[in-house]
Amino acid sequence: DQQVKQNSPSLSVQEGRISILNCDYTNSMFDYFLWYKKYPAEGPTFLISISSIKDKNEDGRFTVFLNKSAKHLSLHIVPSQPGDSAVYFCAASVEDYKLSFGAGTTVTVRA
Amino acid sequence: NAGVTQTPKFRVLKTGQSMTLLCAQDMNHEYMYWYRQDPGMGLRLIHYSVGEGTTAKGEVPDGYNVSRLKKQNFLLGLESAAPSQTSVYFCASSYSASLAGHSYNEQFFGPGTRLTVL
């Protein structure tokens with residue numbers, strides 16, 4: 001029973017355009033949300049996070065939006081670059097140290 | 001500073017064989033984790049440890065055992081491998097969020113071990 005869901009397994013976007021990745025969750029107790037990025041044959045690396053008391057967090061080209069009432073968050077990448085081609089995992093935390101992950105979305109940035 | 005390392009990178013086992021995956025971290029992290037990644041399932045927590053000498057079950061612990069005899073090492077054991085354990089295994093480590101000065105748990109991952117059980 002996955003508590004964090006990424007319903008789009010893949011996303012293709014043209015270089016320079018916006019990439020929007022979506023994530024839904026079912027556990028209303030989650031208090032922190034994180035996005036991880038993963039290249040082939042490597043482990044995931046932390047990208048950006050947001051607390052449940054905020055609705056937006058921005059870091060350079062990456063912005064995460066949180067809609068608590070809809071139990072939905074999204075990651076915006078603007079502008080998309082070829083190096084952004086990777087698998088993106090949404091994760092959520094209800095305790096200090098345990099994370100629940102979504103299934104991932106594969107992003108392909110076309111030149 | 002190597003971060004999180006995993007040994008081996010690849011392994012093929014026959015059903016019923018046993019093996020141990022080794023995870024080492026040099027960041028002095030208190031917490032360590034073992035995940036498995038399967039297509040369409042994301043990362044699922046197998047076991048975790050909140051300190052030397054402690055272990056706890058995660059979401060999918062059956063068929064696996066772990067040990068944390070030293071703070072920097074976390075071992076994952078398969079006593080009798082089954083084809084359903086074919087997967088990519090990731091180890092991760094982290095500080096306690098409060099010790100790190102923030103409230104979220106940034107976990108640092110190793111490069112993974114690809115295990116195939118025939």
Side-chain angles (χ1 to χ4, degrees), chain A residues 1-10 21-27 29-54 57 59 62 64 66 73 86-106, chain B residues 2-6 9-10 23-25 27 29-51 54-61 74 88-114:
Chain A
D1 181 27
Q2 276 195 297
Q3 299 184 72
V4 178
K5 297 181 182 179
Q6 295 175 255
N7 293 318
S8 297
S10 63
L21 290 77
N22 295 304
C23 178
D24 297 297
Y25 62 95
T26 57
N27 188 342
M29 298 299 290
F30 286 141
D31 56 3
Y32 250 96
F33 302 88
L34 303 87
W35 285 92
Y36 280 80
K37 178 178 181 179
K38 182 184 178 306
Y39 291 117
E42 295 183 9
T45 55
F46 171 76
L47 187 59
I48 191 170
S49 69
I50 187 168
S51 164
S52 59
I53 63 173
K54 294 186 175 182
N57 187 28
D59 183 1
F62 303 92
V64 56
L66 176 62
L73 67 157
V87 179
Y88 291 79
F89 291 100
C90 172
S93 173
V94 67
E95 299 176 46
D96 180 22
Y97 44 85
K98 289 197 287 186
L99 294 177
S100 293
F101 284 85
T105 297
T106 300
Chain B
V4 180
T5 57
Q6 293 183 232
K9 287 186 169 50
F10 303 94
C23 175
Q25 53 96 2
M27 296 174 283
H29 285 165
E30 286 294 329
Y31 299 161
M32 295 188 76
Y33 317 80
W34 276 106
Y35 292 90
R36 60 179 288 175
Q37 184 195 2
D38 302 292
M41 301 292 290
L43 284 88
R44 292 182 292 168
L45 184 64
I46 304 171
H47 286 279
Y48 63 98
S49 167
V50 299
T54 73
T55 63
K57 294 180 180 180
E59 183 184 351
V60 287
F74 195 28
V88 181
Y89 292 86
F90 289 101
C91 176
S93 69
S94 70
Y95 291 113
S96 160
S98 58
L99 284 177
H102 47 64
S103 301
Y104 62 86
N105 180 7
E106 179 184 348
Q107 296 182 11
F108 295 81
F109 284 81
T113 295
R114 184 174 293 277

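Order of the sequence lines fixes the chain letters, A, B, ..., with proteins taken first and strands second; residue numbering starts at 1 for each chain.
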Could you grab the distance from atom CD of B:Q37 to atom CZ of A:F101, nearest 0.5 Å is fine? 10.0 Å
Between B:L45 and chain A, with a heavy-atom cut-off of 4.5 Å, which part of the residue counts as in contact: side chain, backbone, both or neither? side chain
A:I48 side, atom CD1; B:E106 side, atom CD - distance, nearest 0.5 Å: 12.0 Å
Closest non-hydrogen atoms of B:G40 and A:A103, given as atom of the first, atom of the second and distance, are O-CB, 3.5 Å
Are there over 12 heavy-atom neighbours, none belonging to B:M27, within less than 6.0 Å of that residue's CE? yes
Distance, nearest 0.5 Å, that separates CD of B:E59 from CD of A:Q2: 7.5 Å
How long is the gap from CD on A:E42 to CZ on B:F109, to the nearest 0.5 Å? 13.5 Å
Chain B heavy atoms under 4.5 Å from A:P44: which part of the residue, side chain, backbone, both or neither? both
Between B:Q6, B:Q107, B:M41, B:R114, who has the most heavy-atom pairs with chain A when the cutoff is under 4.5 Å? B:Q107
Between B:V4 and chain A, with a heavy-atom cut-off of 4.5 Å, which part of the residue counts as in contact: side chain, backbone, both or neither? neither
At a heavy-atom separation under 4.5 Å, does B:Y35 approach chain A through its side chain, its backbone, both, or neither? side chain
